[in-house]
Novice: 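Below: one structure in structure tokens.
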Amino acid sequence: MATQFITQTKRTHTCGALRAADIGKEVVLFGWVQNRRDHGTLIFIDLRDREGLTQIVFDPDLGKEAHERAQQLRSEWVLGIRGKVRARGQQMSKKEGKVVSATNEKLSTGEIEVEVFEMEIFNKSETPPFEISEHVKAGEEMRFEHRYLDLRRRPIQQALITRSKMNALTRAYMVENGFLELETPFMGKYTPGGARNFLVPSRLNPGKFYALAESPQLYKQLFMVAGFERYFQIVKCFRDEALRLDRQPEFTQIDVEMSFVTQDDVFTIIEGLIKTLWKNVLGIDVPTPFRRMDFYESMSKYGNDKPDLRFGLEHVELTELVKKLGAEGGAAMLSDAVAQKNGIVKAMVVPAKYALSRKDTDELEVFVQGMGAKGLGRAKISETGEWTQAPLFKTASDALKNGILEATGAQKGDLILFQFGKESQVHTVMANLRVQIAKKLKLIPEYGSGGVWNFLWVVNPPLFEFDEEANQWAAAHHAFTRPHDDCVQYLETDPGKVKCHRYDVVLNGFEIGGGSIRLHSPEVQSRVFKALGIGDEEAREKFGFLLDALKYGAPPHGGIAIGMDRLAMLLTNAESLRDVIPFPKTQKGTDLMTGAPGDVDEKQLRELYVKSTAQPK
RNA sequence: GGGGAGUUAGUUCAGUUGGUUAGAACGCCGCCCUGUCACGGCGGAGGUCAGGGGUUCAAGUCCCCUACUCCUCGCCA
């Protein structure tokens, strides 16, 4: 009896399968007890498996023995049952005092139920530490500690099922388009620059370390050199950096590299991939090609390179205006700000119809101060045209005020918000402020798409950025990005002016992928290194194998990597990356379920020639 | 590395100015119930108020430290 189910009595249907058409069939279901409604004689159980819920009924008239044992059933016990499908039909409701329909429209299986005449309890369950339910949501800490239970919850299962589908669709699409799925090592050689690496000590090579790949970047270029032409991989990457809502220390990329292509060829492939995913998962037609936006336009209007275009609230540059007027502007704090190096002034208009209160604005000030801003400059344009709540502009000239009104297009009743100071700081604050206000005004939801999918490419960023600390130009992304042909002339004279074939694909304010056309000309490569202050010898030491490879007939090539976790998060409207990763890590990189990272004993460390310098607590 | 929020029953939370026995909902246990479906009714159990130190006649409440969780700036070529 104990082994009759499974070995002899096989499952005939899943818990999401039965419909009215199955009425009368004898079926075998396996699943977990989602819910129990014991009426003393009749007992209703919602039986759950990954496909859905089916109501099973224990009626003493139909299976006395099963009914007796059903009384002890509790949440999360796992069962096999044999029974007959029947219509729920019309039933006499005691509560309502009349005959009503007993179907449940909330369930896909709601027209039917299964009357049980035989049951095997495969396993009992302790009372779970939190309810496995969509209605009661436990905190993340509790859910991660018992992730195997959390993973039973419908929303998480749905997200992971969707992710599985995305993987399958991606593979099919890429293969169809001539891409080969090729693997690359996780354990490689440490190369400087970029994200901090996780290191793995080598037992066979005392004192030496592997670095876990932060991406397959170098290897995929080597595939191009080798002539594979089109490569892709759904691959884990590792970065030992601070975690965020949309960042985990190990994450998955759809990694792509192509030979003999322009930037637009790469875009077309990725647009097609996204179109395929959205069509097949959500049934939504994403229009292509995506909008292209110049990097400088993005920084100017949105303060970052991943603008959320679902709403307006664009930034307005006031730097030139303030500079031009100088002391005549009469607002000393602004003219002082633009006088300093990289000093800028920017504004954002919140239209009168949104009616931000004084209290709202004060809250926003606290918000920006949390990002290092000194305050939140503001000016409310009253119905009579007065500038109120505007201490910044107490002594400002009409020329400045009118100039600002003209530049911003602010109308009576509107509120203008200002930031000024160092460019990078102003951009960070203004970018976050814009999104914060949009959420506050419900122009976008706290999380999720709100049904609007706004894709775009951010293109033509600078190849270099100036590192103030090192007093040296540094690669804005990496040193192997191809500069625009008409910018190559500035490599020596004005490196800041050099734009490059680098691109990011952005969805609703999240960077979901980025890549570049690679530099395959040894001559230009050498000039780029020179601009970065990297000599031939140093370059050889750092990137020798790649530079060697490029000398043996490297084809023009380029690629991109799509953040699979972020894509899944956005596509499923999840609140966090952690909701689309089966076993995620906390913000400190720990796993609350396994306790990783954990201690190891001295002997293990000795074998690895490693000694901890951590102070015992 | 910096800033912010939080930690009270199994879970999610409330807890007033520091004042007698720390509450609610859900869950759990028991009894009752033949049409429920987040069933219902009656009854019950359940607390190291994160940990440590301090102030006080008196601390869940005030102060300091530590730990953990989340958000965020820096960081993430």
Side-chain angles (χ1 to χ4, degrees), chain A residues 34-46 53-62 67 74-76 88-96 98-107 109-110 113 126-146 149 191-197 214-215 217 237-249 251 366-373 424-425 428-429 431-432 436 446 461 463-465 467 474-481 502 511 514 516 532 563 575-576 578 585-588 590 592 617:
Chain A
Q34 173 70 43
N35 196 6
R36 153 186 82 108
R37 294 176 295 278
D38 184 346
H39 287 235
T41 39
L42 275 188
I43 299 172
F44 299 99
I45 300 280
D46 291 333
L53 287 181
T54 297
Q55 173 165 285
I56 61 177
V57 191
F58 293 88
D59 186 331
D61 299 341
L62 295 161
H67 177 266
R74 293 295 182 269
S75 291
E76 301 308 319
R88 293 197 184 192
Q90 306 280 313
Q91 302 288 348
M92 179 65 202
S93 170
K94 249 191 188 171
K95 270 189 190 169
E96 302 193 32
K98 58 179 180 183
V99 173
V100 297
S101 166
T103 60
N104 184 346
E105 280 162 22
K106 282 184 268 180
L107 286 182
T109 59
E113 61 192 2
E126 289 186 13
T127 302
F130 52 88
E131 273 180 83
I132 316 292
S133 149
E134 287 181 49
H135 312 287
V136 180
K137 196 174 179 192
E140 276 195 330
E141 211 171 334
M142 186 55 52
R143 289 165 45 206
F144 292 167
E145 198 180 322
H146 304 275
L149 296 178
T191 52
R196 214 172 272 123
N197 290 91
E214 59 192 67
S215 82
Q217 180 62 41
C237 303
F238 306 88
R239 293 182 190 174
D240 187 7
E241 294 292 346
L243 276 63
R244 284 281 195 284
L245 182 98
D246 62 347
R247 281 195 234 155
Q248 282 272 308
F251 60 97
V366 172
F367 173 77
V368 297
Q369 282 168 339
M371 267 171 307
S424 57
Q425 165 85 20
T428 297
V429 171
N432 285 302
Q436 178 73 6
E446 279 297 319
L463 181 58
F464 305 106
E465 58 192 14
D467 182 341
H477 293 282
H478 63 65
F480 308 105
T481 303
R502 158 88 202 178
E511 180 198 318
S516 61
L532 290 166
E575 191 168 356
S576 149
R578 297 183 290 270
K585 295 197 167 43
T586 69
Q587 204 171 33
K588 278 191 74 186
T590 64
L592 295 176
K617 290 199 173 144

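Throughout, protein chains are lettered first and strands after them, A, B, ... in sequence-line order, and every chain is numbered starting at 1. FYI, side chains are in, hydrogens and waters are out, and symmetry mates aren't considered; it's all heavy atoms of this structure.
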Novice: Flag the pair A:Arg578 and A:Glu140 as a salt bridge only when some basic side-chain nitrogen lies within less than 4.0 angstrom of an acidic carboxylate oxygen.
Specialist: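 Yes.
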Novice: Would the base of B:rC76 count as contacting A:Arg239 through its side chain, where contact means a donor and an acceptor less than 3.5 Å apart?
Specialist: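 No.
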Novice: Provide, to the nearest angstrom, the distance between the NE2 atom belonging to A:His146 and the P atom belonging to B:rU11.
Specialist: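 About 8 Å, once rounded to whole Å.
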Novice: Check whether the side chain of A:Glu113 and the base of B:rG35 form a donor-acceptor pair under 3.5 Å.
Specialist: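 Flag set: donor-acceptor pair detected.
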Novice: What interatomic distance, in whole Å, is found between P of B:rG15 and the corresponding atom of B:rU7?
Specialist: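 Taking atom P in both B:rU7 and B:rG15, they lie 10 Å apart.
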Novice: Return yes if some donor-acceptor pair links the side-chain N/O of A:Glu241 with the main-chain N/O of A:Arg196 below 3.5 Å, else return no.
Specialist: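 Yes, because the side chain of A:Glu241 sits within donor-acceptor range (under 3.5 Å) of the backbone of A:Arg196.
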Novice: B:rG35 P sits how many Å from A:Leu62 CG, rounded?
Specialist: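 It works out to 15 Å between those atoms.
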Novice: What contact category does A:Asp59 fall into here, base, sugar-phosphate, or nothing, at under 4.0 angstrom with non-hydrogen atoms?
Specialist: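 A:Asp59: no heavy atom of the nucleic acid under 4.0 Å.
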Novice: When all nucleic acid strands are considered with a 4.0 Å heavy-atom cut-off, which category describes A:Gly139: base, sugar-phosphate, or nothing?
Specialist: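 Here A:Gly139 touches the backbone only, sparing every base.
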Novice: In whole Å, what is the span from the CZ atom of A:Arg37 to the C1' atom of B:rG35?
Specialist: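 For the pair A:Arg37 CZ and B:rG35 C1', the rounded distance is 10 Å.
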Novice: Taking only nitrogen or oxygen atoms into account, show me every contact under 3.5 Å that the protein makes with nucleotides 27-30 of chain B, one pair per line with its distance.
Specialist:
from   : atom 1 : to      : atom 2 : distance (Å)
B:rC29 : OP1    : A:Arg74 : NE     : 3.0
B:rC29 : OP2    : A:Arg74 : NE     : 3.4
B:rG30 : OP2    : A:Arg74 : NH2    : 3.2

Novice: My understanding is that a pair needs two contacts under 3.5 Å, Watson-Crick or G-U wobble. By that rule, which nucleotide pairs with B:rA67?
Specialist: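 Partner of B:rA67: B:rU7.
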Novice: Nearest-Å distance, CD (A:Glu214) to C1' (B:rC75)?
Specialist: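 In whole Å, B:rC75 C1' and A:Glu214 CD are 13 Å from each other.
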Novice: Look up atom CZ in A:Arg36 and atom CZ in A:Arg74, then write down how far apart they are to the nearest 0.5 Å.
Specialist: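 Going from CZ on A:Arg36 over to CZ on A:Arg74, the span is 3.5 Å.
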Novice: Without swapping roles, check the side chain of A:Gln34 against the backbone of A:Ile132 for a donor-acceptor pair under 3.5 Å.
Specialist: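 Yes, because the side chain of A:Gln34 sits within donor-acceptor range (under 3.5 Å) of the backbone of A:Ile132.
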Novice: By nearest heavy atom, map A:Arg88 and A:Thr41 onto RNA chain B; which one lands nearer the 5' end?
Specialist: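 Counting from the 5' end, the first nearest nucleotide belongs to A:Thr41.
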Novice: So does A:Thr41 get a backbone contact from the side chain of A:His67, meaning a donor-acceptor N/O pair under 3.5 Å?
Specialist: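 Looks like yes, one N/O pair under 3.5 Å.
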Novice: Have a look at A:Ala242 and say if it touches a base, only the backbone sugar-phosphate, or nothing, with a 4.0 Å heavy-atom cut-off.
Specialist: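 Touches a base.
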Novice: Whole-Å distance between B:rG74 P and A:Arg196 CZ?
Specialist: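 Result: 15 Å.
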Novice: Please tabulate the protein-to-nucleotide N/O contacts below 3.5 Å involving nucleotides 41-45 of chain B, giving atom names and distances.
Specialist:
none

Novice: B:rG44 pairs with which nucleotide, Watson-Crick or G-U wobble, both distances below 3.5 Å?
Specialist: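 Base partner found: B:rC28.
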Novice: Check whether any side-chain heavy atom of A:Leu243 sits under 4.5 Å from a side-chain heavy atom of A:Pro249, and report yes or no.
Specialist: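 Contact flag for A:Leu243/A:Pro249 side chains = yes.
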Novice: Side-chain contact test, heavy atoms from C-beta onward, threshold under 4.5 Å: evaluate it for A:Arg37 versus A:Gln55 and give yes or no.
Specialist: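 A side-chain contact exists here, since the closest heavy-atom pair is under 4.5 Å.
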Novice: Considering Watson-Crick and G-U wobble pairs with both distances under 3.5 Å, what does B:rA59 pair with?
Specialist: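 Pairing partner, where one exists within any strand: none, as none qualifies.
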Novice: Using the P atom in both, what is the distance from B:rC49 to B:rG23, to the nearest Å?
Specialist: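 Nearest-Å result for B:rC49 against B:rG23 at atom P: 14 Å.
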Novice: With a 4.5 Å limit on heavy-atom distance, are the side chains of A:Glu145 and A:Pro129 in contact?
Specialist: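 With C-beta onward as the side chain, the pair stays apart.
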Novice: Partner lookup for B:rC75, please. Criteria are Watson-Crick or G-U wobble with both distances under 3.5 angstrom; report none if nothing qualifies.
Specialist: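 Paired with B:rC75, as far as the under-3.5 Å criterion goes, is no nucleotide at all.
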Novice: What does the list of N/O pairs under 3.5 Å between the protein and nucleotides 69-72 of chain B look like, with a distance for each?
Specialist:
from   : atom 1 : to       : atom 2 : distance (Å)
B:rU69 : OP1    : A:Thr586 : OG1    : 3.0
B:rU69 : OP1    : A:Thr590 : OG1    : 2.9
B:rU69 : O4'    : A:Glu141 : OE1    : 3.4
B:rC70 : OP1    : A:Gln587 : N      : 3.2
B:rC70 : OP2    : A:Gln587 : N      : 2.8
B:rC70 : O3'    : A:Arg578 : NH2    : 3.1
B:rC71 : OP1    : A:Arg578 : NH1    : 3.3
B:rC71 : OP1    : A:Arg578 : NH2    : 2.8
B:rC71 : OP2    : A:Gln587 : NE2    : 3.4

Novice: Can you tell me, in whole Å, how much space there is between the P of B:rC29 and that of B:rG54?
Specialist: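 The same atom, P, in both gives a distance of 43 Å.
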Novice: Separation of A:Leu107 atom CG from B:rC37 atom P, in whole Å?
Specialist: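 Rounding to the nearest Å, CG of A:Leu107 and P of B:rC37 are 12 Å apart.
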Novice: Tell me whether the side-chain N/O atoms of A:Ser133 come closer than 4.0 Å to OP1 or OP2 in B:rA38.
Specialist: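 Answer is no, no contact under 4.0 Å.
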Novice: Is the backbone of A:Glu113 close enough, under 3.5 Å, to the side chain of A:Arg88 for a donor and an acceptor to pair up by distance?
Specialist: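 Between the backbone of A:Glu113 and the side chain of A:Arg88 there is no qualifying donor-acceptor contact (under 3.5 Å).
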Novice: Verify the stacking flag for A:Phe44 against B:rU36: centroid separation must be under 5.5 angstrom and the ring planes must differ by under 30 degrees.
Specialist: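 Yes, aromatic ring over the base.
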Novice: Could you give the distance from CZ (A:Phe144) to CG (A:Leu149), rounded to the nearest 0.5 Å?
Specialist: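 Between A:Phe144 CZ and A:Leu149 CG, I get 13.5 Å after rounding to 0.5 Å.
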Novice: Atom CD1 of A:Ile45 to atom P of B:rA38: distance rounded to whole Å?
Specialist: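 My rounded result for the distance is 15 Å.
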Novice: Using atom types as modelled and distance alone, determine if a side-chain donor or acceptor of A:Glu105 lies under 3.5 Å from a backbone N or O of A:Gly110.
Specialist: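 Judged by distance alone, no pair lies under 3.5 Å.
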Novice: Could you check how far CE of A:Met142 sits from C1' of B:rU7, rounded to whole Å?
Specialist: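 A:Met142 atom CE is separated from B:rU7 atom C1' by 11 Å.
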